[in-house]
Q: 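Please read through the structure below; I'll follow up with questions.
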Number of protein chains: 2
Amino acid sequence: MYCQPVPRTADPDVRLRLVERAAAMLAARETVTLRSLVEGTGASTMAVYTHFGGMPGLWRAVRQEGFTRLHERLARVPRTADPVHDVAALAVAYAANALDSPALYRAMFDAVADLEDPAGADRGLALLVAAAARARDEGRLAPAADPSAVATRLWVAGHGLLSLVVQGVLPADVVPAHSVETAVALLTAAGDDPGACRASVARAWALGSGADTGSVGTGE
Amino acid sequence: MYCQPVPRTADPDVRLRLVERAAAMLAARETVTLRSLVEGTGASTMAVYTHFGGMPGLWRAVRQEGFTRLHERLARVPRTADPVHDVAALAVAYAANALDSPALYRAMFDAVADLEDPAGADRGLALLVAAAARARDEGRLAPAADPSAVATRLWVAGHGLLSLVVQGVLPADVVPAHSVETAVALLTAAGDDPGACRASVARAWALGSGADTGSVGTGE
DNA sequence: AAGCATTGCATAGCAATGCCATGTATTGTC
DNA sequence: GACAATACATGGCATTGCTATGCAATGCTT
């Protein structure tokens, strides 16, 4: 294969280009191989080795990019006067992110224990923990409720649902109803009033479909 | 590589041998390649193609075997007078199965939509649905509760937890506590009495650690 | 019982993959 | 302006999944 002699200085950031191209190929359902990845970028296969040390390193960077995008999306969720609504809104954004790029979501959790910056993946969860803590502090959850535990349960349940949807086991249209029921169960168990809880959670999902946080249900 | 001229008749079942060897290699954390798989079985690489059509077919058979073993384990869970306890006992067996062979569990859900017999994977869930239906019929859950929906929520949450544990994101020792809290929340939301529900679920997990259904907590 | 098609597999070789040794061009520094 | 360091292109290597070919054993047919 011939690579045009692109000037050295015109090299904004090969790392970024390669990671984004890998993510784009994932989204396009193309198989990402070393050679198919560099094809079209004007780079040779060695670029992958100088920047990532090999294909495992590239995948690590791709997963990191996935968690970065997830965090950015979660951070865009506005804070309202209803903390339980905000907890659910974070779940909506999480689901929308996964359904918008299911292949990337799969790749993220393919070897999620192997990341460049493991703390980066925790930052998203931290937003959920903070929202849960606010719900407790404002009296919606029981004073003894552990925000970290509640957030973890929500995240674990959401991940289970989305990983199964992303793999085609469950259809995408079950996500809202399933999420609402599970979230209401977990948050009610944490002390919230059942009726108020359902209202808050349902409102987040109703708003989520079509809002700028990304619509849920247009996945795959 | 030399393969001893084993007599043709002495061929109990190459399919079974290959699938079991693949599962054993997964458990031993060895990478399963076409050649490393057949090595030691006295078979050549062609056996994989005559029986499975290729490596994807082998993996399909391995996943099927995983779901078969899971179903056998779930079917061994005895039925007691407490249907909510039985629901939780199925969850205990499910978790024990996953933690006993984490690599197989990962492989099962690696492409779970691609199975020889998709209905085989549903048979395990059917046991959980039946237990939930009994809990409703015996008055533990609300009459309007949908056993299928309740079972699915339990399974989805359990899968989320176990897939994260199996990948090293969460430690295995959080499984019992997390499972109890989530199951109590979901079953209480379905209508069970909070106190009775917690007692039933906690008893199942207390018995599960060390019973012949397989101990939970000795994973990896 | 002899011929013959079928089945199951061993051998060997192919294309593609990830990886790396080597050489080379560009950049920054003194 | 020489020099070291960096970044990358080239080419080749081992391994992977796969398959074309041939052979041996089995079972059916007559």
Side-chain angles (χ1 to χ4, degrees), chain A residues 1-26 28-64 103 106-107 110-111 114 116, chain B residues 1-26 28-64 103 106-107 110-111 114 116:
Chain A
M1 177 193 60
Y2 177 74
C3 301
Q4 55 181 351
V6 67
R8 284 309 178 103
T9 32
D11 195 340
D13 198 355
V14 182
R15 272 191 68 103
L16 190 63
R17 269 215 316 254
L18 287 175
V19 170
E20 287 187 344
R21 173 160 168 79
M25 292 182 72
L26 278 180
R29 306 205 184 294
E30 304 169 24
T31 46
V32 180
T33 75
L34 176 62
R35 287 169 176 80
S36 72
L37 174 69
V38 300
E39 195 165 351
T41 66
S44 89
T45 61
M46 274 306 294
V48 175
Y49 288 86
T50 51
H51 289 292
F52 305 103
M55 285 301 280
L58 172 83
W59 288 119
R60 206 175 309 142
V62 168
R63 289 191 293 271
Q64 195 78 50
R106 285 194 60 175
D110 216 57
D114 181 23
E116 301 169 354
Chain B
M1 176 193 60
Y2 177 73
C3 301
Q4 54 182 349
V6 66
R8 284 308 177 105
T9 33
D11 195 338
D13 200 354
V14 183
R15 273 191 69 103
L16 191 63
R17 269 215 316 254
L18 287 175
V19 170
E20 287 186 344
R21 174 161 168 79
M25 291 182 73
L26 278 180
R29 306 205 182 297
E30 305 169 25
T31 46
V32 180
T33 75
L34 176 62
R35 287 169 176 79
S36 72
L37 174 70
V38 300
E39 196 164 351
T41 67
S44 90
T45 61
M46 272 305 295
V48 174
Y49 288 85
T50 52
H51 289 291
F52 306 103
M55 287 300 282
L58 172 83
W59 289 118
R60 206 175 310 143
V62 167
R63 289 191 292 271
Q64 195 77 50
R106 285 193 59 175
D110 217 57
D114 182 23
E116 300 170 354

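By convention in this document, chain letters (A, B, ...) are assigned in the order of the sequence lines, proteins followed by strands, and residues within each chain are numbered from 1.
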Q: Do the side chains of B/R63 and B/D114 get nearer than 4.5 Å, heavy atoms only?
A: yes
Q: Keeping A/R106 on the side-chain end and B/D110 on the backbone end, is there a donor-acceptor pair under 3.5 Å?
A: yes
Q: Kindly compute the distance separating CG (A/L16) from NE2 (A/H51), expressed to the nearest 0.5 Å.
A: 11.0 Å
Q: Within less than 4.0 Å of OP1 or OP2 of C/dC9, is there a side-chain N or O belonging to B/T50?
A: yes
Q: Using atom CD of B/E39 as one end and atom C1' of D/dT16 as the other, report the distance to the nearest whole Å.
A: 14 Å
Q: Separation of B/L58 atom CG from D/dT16 atom P, in whole Å?
A: 15 Å
Q: From CZ of B/F52 over to C1' of D/dG17, roughly how many Å is that when rounded to an integer?
A: 15 Å
Q: Nearest 0.5 Å, what's the OH-CE distance between A/Y49 and A/M55?
A: 7.5 Å
Q: Taking C-beta and beyond as the side chain, do B/V32 and B/V62 meet within less than 4.5 Å on heavy atoms?
A: no
Q: May I ask you to test the B/S36-B/E30 pair for a side-chain heavy-atom distance under 4.5 Å?
A: no
Q: Starting at CE of B/M46 and ending at P of D/dT16, how long is that distance when rounded to a whole Å?
A: 18 Å
Q: When you compare the protein's N or O atoms with those of nucleotides 16-19 of chain C, which come within less than 3.5 Å of each other, and at what distance?
A:
residue: C/dG18; atom: OP1; partner: A/L34; partner atom: N; Å: 3.2
residue: C/dG18; atom: OP2; partner: A/L34; partner atom: N; Å: 2.5
residue: C/dG18; atom: N7; partner: A/R35; partner atom: NH1; Å: 2.8
residue: C/dG18; atom: O6; partner: A/R35; partner atom: NH2; Å: 3.1
residue: C/dC19; atom: OP2; partner: A/Y49; partner atom: OH; Å: 3.0
residue: C/dC19; atom: OP2; partner: A/M55; partner atom: N; Å: 2.8
residue: C/dC19; atom: O5'; partner: A/Y49; partner atom: OH; Å: 3.0

